[in-house]
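Nothing here was measured: the structure is a model prediction, and the numbers come from that model. Numbered from 1 within each chain, the chains take letters A, B, ... in sequence-line order.
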Number of protein chains: 2
Amino acid sequence: MPTRKLKIIPLGGLGEIGKNMMVMEYENDILIIDAGLMFPEEEMLGIDLVIPDISYLLERREKIRGIVITHGHEDHIGALPYLLPQLNVPVYSTKLTNGLISVKLKERKALVGAELNIVSPGDTITLGKFKVEFFPVCHSIPDAAGLIIHTPVGIVVHSGDFKLDYTPVVGKSTDLSRLAQLGAQGVLLLLSDSTYAELPGYTPSERVIGEALDNTMANAPGRVIVPTFSSLVSRIQQVIDSAAKYQRRIFIVGRSMSDTARMAQRLGYLKAPDGILCRLDELKNVPRNKVVFITTGSQGEPTSALVRIANRDHRHVRINRKDTVIISATPVPGNESLVARTIDSLFKQGAEVLYREVAQVHVHGHGSQEELKLLLNLVKPKFFMPIHGEYRHLNLHAKLAQSIGMTKENIFVQEDGDILELNSQAAKITGKITSGNVYVDGMSVGDIGSVVLRNRRMLARDGIVVVIITVNRQTGKLIGRPDIVSRGFVDTRESKDMLDNSCDVVAQVLDHSGNRTVEWSFTNTKVRDSLNKYYYEQTKRRPMILPFMVKV
Amino acid sequence: MPTRKLKIIPLGGLGEIGKNMMVMEYENDILIIDAGLMFPEEEMLGIDLVIPDISYLLERREKIRGIVITHGHEDHIGALPYLLPQLNVPVYSTKLTNGLISVKLKERKALVGAELNIVSPGDTITLGKFKVEFFPVCHSIPDAAGLIIHTPVGIVVHSGDFKLDYTPVVGKSTDLSRLAQLGAQGVLLLLSDSTYAELPGYTPSERVIGEALDNTMANAPGRVIVPTFSSLVSRIQQVIDSAAKYQRRIFIVGRSMSDTARMAQRLGYLKAPDGILCRLDELKNVPRNKVVFITTGSQGEPTSALVRIANRDHRHVRINRKDTVIISATPVPGNESLVARTIDSLFKQGAEVLYREVAQVHVHGHGSQEELKLLLNLVKPKFFMPIHGEYRHLNLHAKLAQSIGMTKENIFVQEDGDILELNSQAAKITGKITSGNVYVDGMSVGDIGSVVLRNRRMLARDGIVVVIITVNRQTGKLIGRPDIVSRGFVDTRESKDMLDNSCDVVAQVLDHSGNRTVEWSFTNTKVRDSLNKYYYEQTKRRPMILPFMVKV
């Protein structure tokens, strides 16, 4: 291999769903693609958000020419408020994406000083040695882009998140002609979305939902409530269109839903006939069978409008037996039980509930197997790297590529941090850099490490016992009885005797080792071990034990 | 209504999946159907198992004539080891079910003194005023039964967990003729399984899996590993049959899998050609393409054989690039991410992995919509009560019953604790008894209440801060600086200054209120409030704060 090589390094989004971030490096130029967040997994107790570790980038800050964003979903833009202040480089995206980024940055007070640039689909920008062309792709948010990156060693195509929808509701179809043209010209590397590599066939068009919506709007005897993602602008458009057809008025409920709808309307991505969108104070004047609510809460988020409605806890909206709820979204992995509970509560209120298991009320935003193969076929890359997905998705995507004739040696199933180096002839994985999760918890970013999380898991499982031991500073002898306080361990009234007896266990330990010549750390360990053993015998639980000595 | 009425009271299994338990009461006789457990939900931190609250039964112990068990799954027998010693009544079940109950009771040292009776399918037992006939149903475990209960007010049919499989692999088909006969005779009430009321059509026969198994056994270039449920005896039988066809030897890995297989073989529910089942020490003599492993771990349980294999942590079994894993099970709700991680790890080891998203390697054990309608059609009950399922499943099942002509007034969608009273003419819900969750955590049953769980949730989210304040017993004045210890809150090195400053916050509070006339509880509250405020300002976190005063 000649020395001048292109490096492709994923910092997030490979081997996991979320926190997508990709680095491209050639000599003195670095280009970043996307900067997303991930919602915490079950064992990341108390964590609010997860973002990529960018220590590699911080050491090379002067080389970074900019961040290019493919679309406005949280898993592609959500880390910007945290990372942009550290990196301080320009951001490039399409108009709606840019609107969503501004909203996010403003929320976290990171908008001032940010250099945000709008790029139109089809336009090309130059960032150091890279020329980046945005091409339209269809996804579950309008204004989504894929990227054609002209590099000194060849053309790299990044699919973004995409599906093929020849009849999209809002936005453009994926630009297959441009891709075919590139394929003919010669593409060095394709990076393509693997999220739904498990699904055979084609993802249906968003249009199919129109039918279910129309049916309900026409026939529902009461109000219609449609919870969905606020970023799913095309779905909101479909609800508006269908409501208009059946002379229903629309009430948008929930702050993030109203904010996004207003922004999308202002930028021209959402169109509503005059007078159809109403304020909640106009609700009482509209007959129940002429009302549609569009709300947040499709993920069963405890504080969302839908969940408050389902629990009869919403200030303005009450459900009754004639109402219909259409849950037009899929639970994000991890949210299944929250969503299921919300559906149950709605049924208990007497509502009719349509959800993905029982009706065609949602289609997802990613391409299925045949679409992935079609893209590979058109682009005909020399090398292929499946991106966006857990390891099995990347692996299945790699197999799809093999099934249409690519050789295994030209396919790179990477994990975050793996460095793929290429020139126009060859490619190989040459090493690994530091990458991983940075936790956001409350105000701070990155201070939570494995120790804090391990402690939280221990506390969550069996609680804590604090032991206060007062000893004479001179003699080292115990003064009075040790005090024991527990939280989250046992019912303190029912287990009063057991806890009392554990004081004796501590006293005994101190009797045997309680003199000045013995180190406190030694006594501490002995107290801990004895209590651990005693509690485990008595309860089969292992609370965290925190002995504390007061010398007087 | 005349005064003599039959009461049907669900104590578990309605509005949730699991801990199935149903009470039937007529005058001085109580009959219990099933006694299952439920695995804890995400927010039940540290809890091992959940069983039904039986306080209603404990108050009426002398009326209980026995417990009838429909089949040997955990969600129908799992509470027996905890409840049987309290109730001390006879248990009736079919042979395999009885074997599984014995194993469970023995594990928890509750077998001695238990009165376990075996009933053959088709047999009738008399329990007070109830005559209970066991009829065969097909489910994902052999020897499953439904119940025909002859009561003084009419016949009650309880479906158990069932599906219709006209070509079952092991065990019998659901006895439709007997049900049709009863339907002609007149059935007062049907209780029927709602678990898969969301699924249209028919559940496929277990036979369809044979094809996928045969294909793999014939063509896989290396070892074949099949993780599944140990109770899924028919699946184990299919693996044995398919392995035999292609001259592969079988190694059963994992304690619960071996125990169940041995018991099922002894009772005649599992048949293996001589010499096909091998011990692990014979493994080295068998070529890799002649080996099949049947293992536990289909739910991604961290200590299971499969997960240890996937993490290269198993003493005897290592995977390599030519091996194939067939995950022949569905993740139980809540286990999705554990299973996904296990699949990812297996792919990383280079194995080929077949799982339900990409291959027909599992069919579930419950009837789909058309089967549920068929049962309703045959049994033709006067009244109907959907059982076994979350609220939306019960609701959808009720709608299915309406769709085939039952009137809404004759269908009772109940929740746990609701009392349905019937005579031969009428039925209505007349009240509610105490019911709910009893938590098993370690050794103890039922001592964990809402306070302990709330504390665990609080500890899990933001950790704990313990404040030790030493004061002069006479003057009430602070001696030295307060001591602060935290766990699971912040990185204690990085946040040293912040924690140090919080000592000053405490000292200030004590300066202002630190004299003997002030109550400790008042000071305690003030310390807690001030630290709460300070920590929230500094970190946006709210750890549990535990102030502790030492008087010297």
Per-residue contact mode, [X] against chain B (heavy atom under 4.5 angstrom):
X       : answer
E43(A)  : side chain
V413(A) : neither
Y355(A) : side chain
V490(A) : both
M458(A) : neither
I47(A)  : neither
T539(A) : backbone
R541(A) : side chain
E415(A) : side chain
E198(A) : both

For residues [X] and [Y], determine if any side-chain heavy atom of one lies less than 4.5 Å from a side-chain heavy atom of the other.
X       : Y       : result
E357(B) : L396(A) : no
D483(B) : F548(A) : yes
D441(B) : K540(A) : no
V353(A) : R392(B) : no

Please report the closest heavy-atom contact between R456(B) and F489(A), naming both atoms and the distance.
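Looking at all heavy atoms of both residues, the closest pair is NH2-O, 3.4 Å.
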Closest non-hydrogen contact found for E494(B) with G446(A) is OE2-O, 4.5 Å
I'd like to verify something: which residue of [options] has the highest number of heavy-atom pairs under 4.5 Å with chain A?
options                            : result
I343(B), L546(B), I464(B), T470(B) : L546(B)
G15(B), G488(B), S495(B)           : G488(B)
V452(B), T492(B), L453(B)          : V452(B)
G442(B), S337(B), P200(B), S345(B) : G442(B)
S486(B), G46(B), A460(B)           : A460(B)
I479(B), V485(B), I468(B)          : I468(B)

Partner of L459(A) by side-chain contact (heavy atoms from CB on, under 4.5 Å), out of L459(B), L45(B), D462(B):
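The single option meeting the side-chain contact (heavy atoms from CB on, under 4.5 Å) with L459(A) is L459(B).
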Nearest 0.5 Å please: distance from the CD atom of E336(A) over to the CD atom of E336(B).
4.5 Å
Any chance you could measure Y535(A), atom OH, to M443(B), atom CE, to the nearest 0.5 Å?
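Answer for the OH-CE pair, Y535(A) versus M443(B), is 14.0 Å.
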Count the heavy atoms belonging to other residues, nucleotides or ligands that lie under 6.0 Å from [atom1] of [X], then report whether that count exceeds 12.
X       : atom1 : answer
K322(A) : NZ    : no
K399(B) : NZ    : yes
K496(B) : NZ    : no

